[in-house]
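Please read all numbers here as calculations on a predicted model, not as lab measurements. The basis for the numbers below is simple: all heavy atoms, side chains too, and nothing from hydrogens, waters or symmetry mates. All chains are named by letter (A, B, ...) in the order of the sequence lines, taking the proteins before the strands, and each is independently numbered beginning at 1.
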Amino acid sequence: MADIRLSLIDALHGALQSAAVELPPGFQAGLERPARREHGDWSSNAALVLAKPVGCNPRELASQLVSWLETNRPTHVAEVTVAGPGFVNFHLADSWLHSVITDAVQAGADSYGRHAFGNGQNVIVEFVSANPTGPVHAGHGRGAAYGDAVARLLERCGYTVNREFYINDRGTQMDLFGASLTARHKGQPVPEDGYSGQYISDWVQEMPANTDARQWGCQRALVDQKQVLQAMSVSFDTWFSEQALVDSGAIAHTLEALKSADATYEAQGALWLRSSDYGDDKDRVLIKADGEYTYLLPDIAYHCDKLKRVGPDGVLINVWGADHHGYIARMKAALAALGHDPSRLEVEVTQLVRLERDGVEVRIAKRSGTIVELRDVIDEVGADAARFTYLLQSMDTAPTFDLAKVAAQVMENPVFYVQMAHARLCSIADRARAAGVVQGGTHQTNLGLLTHEREHEMIRQLALFGEITAAAAQERAPHRVTAWLRDFAGTVHGFYHDCYVVGSHIAPELTQARLALVDAGRVGLAAGLATLGVSAPQAM
RNA sequence: GCCCACGUAGCUCAGGGGAAAGAGCACUUGCCUCCGGAGCAAGGGGUCGCAGGUUCGAAUCCUGCCGUGGGCGCCA
């Protein structure tokens with residue numbers, strides 16, 4: 001699929017050369033989409049940017065560029081104009097619109113919007129990593145939807161992705177969890193700071209009498225977590241056990257490496273990491289005075305292990321909640337102290353979801369009784385709506401979901417609007433088949449019959465998809481796809497409303513052309529939904 | 001006090017150096033002989049938190065302030 005932008009940029013550079021403009025070092029002609037239709041399909045600010053260094057009037061320079069471009073038009077360019085303070089605007093011909101349809105139909109939903117720039121680079125995306133001390137809650141759902149969508153986007157852009165879940169199956173929290181199960185099993189009150197949720201009482205009923213409560217509880221929690229995540233179509237390639245890492249001797253190994261890098265010291269009976277030498281606010285304890293590891297030490301060993309597994313050219317992406325933000329500096333400091341390039345660890349921080357029920361905040365407290373389980377959210381609104389809703393907005397915003405409203409507003413959820421657009425296009429194709437229409441290939445179809453403004457809008461919107469997937473992957477921002485889907489679904493509904501495809505009053509050639517557009521639209525919607533992990537139903 | 005994110009329409013949010021500020025919901029008003037009305041169209045509604053600065057150009061970048069959320073453990 002030829003990228004129209006590349007040919008336009010080439011043409012711009014050609015025009016600049018012919019105008020004998022000396023380009024500042026590193027100059028790249030900028031190309032953007034104008035907000036207004038009359039400003040064409042693509043617009044360049046090159047004349048505005050260069051006017052000052054070159055020392056000439058921006059409009060004059062733009063005129064020079066335009067006159068060259070008008071006599072040397074790249075493929076699909078119908079007209080080049082000067083506008084405003086000195087923009088160079090490209091207006092594309094209908095032939096370009098037709099190529100958009102052909103590209104989409106030929107690619108199909110699996111391949112459409114794919115890119116190769118990932119170049120097979122290894123990426124480990126670690127997300128959720130909820131403690132195995134209970135069910136995943138509604139807050140984890142956002143990280144689950146986000147991490148999986150980022151992974152899907154990276155895959156679509158040519159990266160080799162591994163989804164990983166880190167299991168904190170040892171340490172203080174696990175001891176407390178085990179003690180809580182044991183106490184509840186004997187009908188005793190749970191220890192102070194123990195776990196007291198309803199699920200503890202429920203699980204204890206299944207627990208055999210003479211078993212290691214800690215270990216049994218961990219397995220019980222993992223089974224529960226996997227099941228719920230699976231219900232949301234989130235699955236992991238690797239479930240990485242902290243206990244297994246500790247058992248392998250990796251901690252001692254990491255400790256030795258830190259010591260020989262002179263990155264540790266002893267004070268007040270504890271062993272400290274000189275993290276402040278590597279950009280952290282203060283030094284951090286690795287081994288407490290009582291001899292126990294802090295959370296940090298195994299986690300450093302874990303990240304070293306991940307770096308080894310991802311290979312020298314690979315990168316790590318961690319999805320952390322905002323409550324772990326303060327942790328980034330010390331982890332990067334530790335990696336730097338060990339001689340790793342800290343930029344190989346990328347931490348995506350997601351702001352925390354706030355939950356309300358009828359306007360009253362519900363705290364998601366780990367050990368208190370008021371847990372809103374992810375399972376309940378999925379049961380209430382369905383996996384598709386849950387995922388789409390979690391990905392509706394940027395991870396930098398802290399959304400408030402009112403559970404009562406989420407349940408009540410299912411029909412208003414944008415996911416249905418988007419899925420409905422897909423189902424409608426499918427129903428048109430079904431209807432055509434039922435009416436005995438035999439669809440020809442796009443190359444034998446006269447796409448020039450697509451002259452309705454609705455049709456053109458839909459094609460232009462579809463043409464953005466490739467840029468959207470690339471940007472969404474690079475910015476780790478799946479909500480860009482969500483936003484595009486809503487916009488595109490809007491143009492599809494408009495087309496559906498105004499442009500009948502099958503019927504006695506529609507010329508057979510027009511039916512053919514519109515069916516091609518219908519196919520292209522289905523590809524775009526299905527591909528977009530696929531990158532979010534949301535289904536594209538044929539009928540609703 | 002320090003660190004991070006956010007503050008855009010009544011509400012939920014896109015946009016994140018370019019030309020006249022965008023969507024959904026809500027509200028008002030039209031549109032079903034016709035591919036699914038879970039739809040389409042039109043309308044009202046904005047000092048883009050405040051104040052400076054950088055720039056040919058700022059909602060967008062920088063600084064300060066105000067407000068909101070999160071963090072600042074020998075918890076994880």
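Taking each heavy atom of A:G84 and A:R59 in turn, the nearest pair found is O-NH1, 2.6 Å.
Within 4.0 Å (heavy atoms only), A:Q393 reaches sugar-phosphate atoms of the nucleic acid but no base atom.
Applying the 4.0 Å criterion to OP1 and OP2 of B:A41, one finds that A:R454 has a side-chain N or O inside that range. At B:U55, none of the side-chain N or O atoms of A:K52 fall inside 4.0 Å of OP1 or OP2 (strictly under the cut-off). For A:T397 and B:C6, the shortest distance from a side-chain N or O to OP1 or OP2 is not below 4.0 Å. Of the side-chain N and O atoms in A:H479, one or more sit less than 4.0 angstrom from OP1 or OP2 of B:G15. A:K288 has a side-chain polar atom (N or O) that falls below the 4.0 Å cut-off from OP1 or OP2 of B:C75. The phosphate of B:G37 has OP1 or OP2 within less than 4.0 Å of a side-chain N or O from A:R424. Contact between the side-chain N/O atoms of A:Y417 and the OP1/OP2 oxygens of B:C40 is found at a separation under 4.0 Å. At least one side-chain nitrogen or oxygen of A:T172 sits closer than 4.0 Å to the OP1 or OP2 atom of B:A76.
Here side chain to side chain donor-acceptor pair (under 3.5 Å) pairs that include residues 39-48 of chain A, with residues two or more places apart or in two chains, are A:R37-A:D41, A:D41-A:R460, A:S43-A:N89.
The C1' atoms of B:U60 and B:G7 are separated by 14 Å, rounded to the nearest whole Å.
Atom pair A:H493:NE2 and B:C31:P shows a separation of 22 Å (rounding to whole Å applied).
In this structure, A:D290 and A:V88 both approach RNA chain B, and ranking their closest nucleotides by distance from the 5' end singles out A:V88.
For A:S43 and B:A19, a side-chain-to-base donor-acceptor distance below 3.5 Å is present, hydrogens and geometry of angles not being considered.
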